[in-house]
Each structure stands twice: as C-alpha cells, then as structure tokens.
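Notes follow once the structure below has been shown.
Protein chains get the first letters and strands the later ones, always in sequence-line order, with residue 1 at the start of each.
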Amino acid sequence: MRTSERLPEHPEFLWQDREPRGAYDVVVVGGGGHGLATAYYLARHHGITNVAVLEKGWLAGGNMARNTTIIRSNYLWDESAGIYEHSLRLWEGLEDELETPVLFSQRGVLNLAHSLGDVRESRRRVNANQLNGIDAQWLDAAEVGKLVPILDVTDRPRHRVLGATYQPRAGIAKHDYVAWGFARAAHALGVDIVQNCVVEDFETDGDVVTAIRTSRGRIACGTLALAAAGHSAVLAERLGVRLPVQSHPLQALVSELLEPVLDTVVMSNAVHVYVSQAHKGELVMGAGVDPYVGYGQRGSIHVVEEQMAAAVELFPVFARAHVLRTWAGIVDVTPDASPVVGHLPPYANAFVNCGWGTGGFKATPGLGAVYADTIAHGRPHPLAEPFALDRFRTGRLIDEHGAAAVAH
Amino acid sequence: MMSLPCPHCGPRDETEFGYGGQAGVAYPARPGDLDDRAWAEYLFVRDNPRGWSTERWVHRAGCRQWFVLRRHTVTHEIESPA
Ligand SMILES: Cc1cc2nc3c(=O)[nH]c(=O)nc-3n(C[C@H](O)[C@H](O)[C@H](O)COP(=O)(O)OP(=O)(O)OC[C@H]3O[C@@H](n4cnc5c(N)ncnc54)[C@H](O)[C@@H]3O)c2cc1C
Ligand SMILES: [Zn+2]
C-alpha cells in the first residue's frame, strides 16, 4: 500500500492566516494561548472584532504547545483562588463554548507531601482552598496508595510519601487543540491572526502607544495588549519599562507510548518531579526551571536526569520506560510566583499580561476573559486587580512559591 | 550541561555551581533616600537580556568563591569579563 493511501485526509484549515492591515482597534502581541483567548473574548464578550494577534513564529509555537497541560486551581491565596478557579470553571464549559474538542480530562491532581513541613503546608492549603469553595482534600498515604497503585507509598523511598493534597476537578487537556480552538473561534468572529510577524519596536506619543513596528510593516493601534510570555521583558524594554520578571528555560520530557498505568496527575515539590500519562499513552514529566536566565529554548540535561531519578524513586515501574523526547520553553518568572495582569504604566492605552512562569496554561480561558474585560473597559477586572504591576511598589505581593515552584 | 570557567579552579561542570543573577547590583548607598518605587526596582527588578548577560555564579561544590562572567542567554557562549 502506498503511504498516501493510509494517511488520513488533511484537516480543513481552521483559520486563515491574514496579511496584517495598517491599523487595528486592539493589537495583541503573542499568538500563544493567552493572546488567542484574549482576542476571542474581546470579540465574543465585548464585540471588539477589529483585532489582530501578531505572532513572531507559528501559532502556539511558544510555551502553549510545549507545556505539560496541568490544570488546577488549588493555590494558596484568595487572589489566586479567584482567577484560577474562574479559569477552571471556564475549562469545564470550554468544549461547548468553542465547539471544538480540547480533551479536557478531570482526572484529579495530587501534590505529595514528604515531610512534616510539607504536611503542614499542604493541610493549610487544603483549608484555604475549602474556604474559597475549591474542591481540595487531604489524603493520607494509604488513601494515596489506593488512588495510585503504582506509586510507592511504603517506607522504602528516601523521602517517603506521608500524604497528599487532592483536587478531583483538576486535570489535563490537549494544548494544541486548545490553541486551535481559540484561533478558529476568534477567526470566525473576525479577528486577524498574523503569523511570522515579529514585533520589533513601538511608536509612542506622550503616554499613548500609537503604532507597532513589525517585520511586516507598521501597524497603528488603538490599544496595545502584550501577551508574549517569556519575551515580555524584551518587548517592555522597547517601551522603556523594566518588568520584574526573569526568563528561564523550563524543560519537560515524554516516554514512548505505554499501556495505561496512571489515570491521575502526581506532583512532588520535594523530590522535584511531576507526571501524568497523556491520552495517547506517553508519560509526561517535568519539574522546576533551569536556574539561569535563558532564551535558547533548551536547558541542561542533568535537570532532566534528576527529574527521572525522582520519578523512578516514586514509581519503581517507570525504570523500564525510555525517554522519547525532551524540550524546553522560556517562562517568565516573577519574584512572588504570581502573574502580572493590567495596565502598563506610564501608557494610557497599553496593557501587560506576563509572569505566569511555569503555570499559565491552566489560566488560558480565565486570563483571556479577564484580560479582555480589562482591555475593553480600560480598567482592571476585579479578578485581575490584585495582580497589577504596582504590587511590587506597594509590597502587596501574592506569594505562591509553595503552590507553584515545581508544581505547575 | 554548560562548562563554566571558575577563575580559581578552571573549567568545571555546571552542576558544581550556583547561579547568582545580574552582577553589580549594589546595596543602595543611602537607603533612607529611596522612595517605594526605587526600593521596588532594587528588590525586584533585574536585567533580563536576550543576548549577553553579565552575571554572578558561585563555585558551590568547589572553592566556594563568587565570580562574574559574561554569558550569552541564547547561544550559551561564555566569556570571562576583561
Ligand atoms: C515545559 C513547560 C511545561 C509547562 N507546564 C505547564 C503546566 O503543566 N500547567 C500550566 O498551567 N502551565 C504550564 N506551563 C506554563 C505555560 O505554558 C505558560 O504559562 C503559558 O503557555 C503562557 O501563556 P501563552 O500560552 O500565551 O505563552 P506562549 O505560548 O509562549 O505565547 C507567547 C507568544 O508570544 C510570541 N512572541 C514573543 N515575542 C514576540 C514578538 N516580538 N513579536 C511577536 N510575537 C512574539 C511567542 O512566539 C509566543 O508564541 C509550562 C511551560 C513549559 C515551558
Ligand atoms: Zn572554584
């Protein structure tokens, strides 16, 4: 049989790549999940359709299609519960909203505790979550073992499992489907998606950003909305603003396709690994960032080796799996491990969304809705307000290091 | 894995080092004169260059000395500063 006979039909194009026009009401910089979701909600909720999403490479080629797709809302503080839980609720209706499969699978997420300090921190977080109406539970080691039979909950491992926080409504989705779903729906509402369009500089007039200079010409804008993840600082610098973010490589890896052995997501901050099994059967693993600033979309191999050592310690059955691929994205990390969403002072018509670091995939629909509302009304949405850039001056930080360092 | 040139011990594997971020960020000479904005800049904002970075590393598992080097954040090329 010829190969061509066995391959499925090439899918219909979901959206059309546009030539950029000379001016838009809103220009969104960055065609990752956040930029696409923002453009979609601008059109859908606010009727603002004269919108372009400018992407320097290909759609979702940044972190969007590199992440390990963990979705949860069990962060510590009220401000985080607000925005992440809003997002989780939108995930629960997203397939209907976009009329596209996104393979959102609420298979639950466990965050393991390995020390007395972990146990106390975890139980505190469960209590905080419950007060915010989030479905968090504390499980002891035996309950964890029942839920995840291949996890070694005996006292053999060097850092044994003492229990875990569990959020049953958490889970995973298929990241490229999510990007395509938002792109298709935004395009259908009139949004221009422009790929291979590098934003190089900006034109300003006093406190107004008037135009964007790109590799494909000058584009005037009514409002500028940055959604460039790892490259946010580079872009803000062109506007004379220094953002409190550091861009780091974040790596992940997958094994070959295996029989189903793991039907939930397991993370461990202490031994530095998290793992889920994707729909097709590959084990998906990751951990924390490489420590240095890096824009090369690659990290150091010893970081991956350490993750795998941790995974095999927890899941002895993984010892015979093989690494198929490793890769990295560039994530922009803030000092308090919480994002920055809102106005970009000193500009009256510029907004910034960045600093989601290792954990912004789960926020895709929630951030999109909240950021679009902020842009449409020219004032922060109540859920975005605590995440203003100004918190680093006022000292009102939202410290999520405990819930966000290794766990994404 | 990168090979980093410790000025005291010579080239060693990255795993022996700790990263210290942007070099040359001095404690404010007159802290009392700083307003909130200047404090925020000092505490929370660091260079984040796509390109050459002048940064501190510590040879944690070796001589335990801090030193400064220049590293390209895209290509990972390394230069010791002149
Ligand atoms: C390995 C890895 C694992 C992760 N795991 C998880 C996880 O399990 N759960 C979770 O919630 N999050 C996770 N994340 C984080 C998550 O991927 C990000 O927080 C999120 O994708 C950021 O939003 P985005 O999708 O808009 O970013 P991106 O997809 O990075 O979008 C930004 C876009 O801006 C474009 N851009 C940059 N500069 C310019 C320019 N000058 N001109 C035009 N376009 C430009 C980029 O090309 C890019 O496409 C992970 C990240 C990585 C790298
Ligand atoms: Zn040394």
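For a heavy-atom cut-off of 4.5 Å, chain A lies close to F44(B), V45(B), R46(B), D47(B), N48(B), P49(B), R50(B) in residues 42-50 of chain B. Proximity to chain B at a heavy-atom threshold of 4.5 Å picks out V234(A), R242(A), L243(A), P244(A), V245(A), Q246(A), S247(A) from residues 234-248 of chain A, in numerical order.
More than 12 heavy atoms of other shown residues, nucleotides or ligands fall within 6.0 angstrom of atom CZ in R216(A). More than 12 heavy atoms of other residues, nucleotides or ligands sit less than 6.0 Å from atom CZ of R379(A). Within 6.0 Å of atom CH2 in W52(B), more than 12 heavy atoms from other residues, nucleotides or ligands are found, so the atom counts as buried in its surroundings.
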Side-chain donor-acceptor pairs of residues 299-306 of chain A under 3.5 Å, sequence neighbours excluded:
from, atom 1, to, atom 2, distance (Å)
S300(A), OG, Y292(A), OH, 3.1
S300(A), OG, E14(B), OE1, 2.7
S300(A), OG, E14(B), OE2, 3.3

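With a 4.5 angstrom heavy-atom cutoff, L389(A) does not touch chain B via any of its atoms. If you measure heavy-atom distances from P335(A) to chain B, the contacts under 4.5 Å come from the side chain alone. Heavy-atom distances place no part of E55(B) under 4.5 Å from chain A, backbone and side chain included.
With sequence neighbours left out, D207(A) forms a salt bridge (charged side-chain N to carboxylate O under 4.0 Å, His left out) with no residue at all.
A pairwise comparison of heavy atoms in R298(A) and V74(B) identifies NH2-O, 3.5 Å as the closest pair.
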(request) Please assess D35(B) against R393(A) for the test side chain to side chain contact (heavy atoms under 4.5 Å, CB included), listing each intermediate value before the final yes or no. (result) CA-CA 9 Å; D35(B) 62 10; R393(A) 185 185 61 81; over 6 Å; no

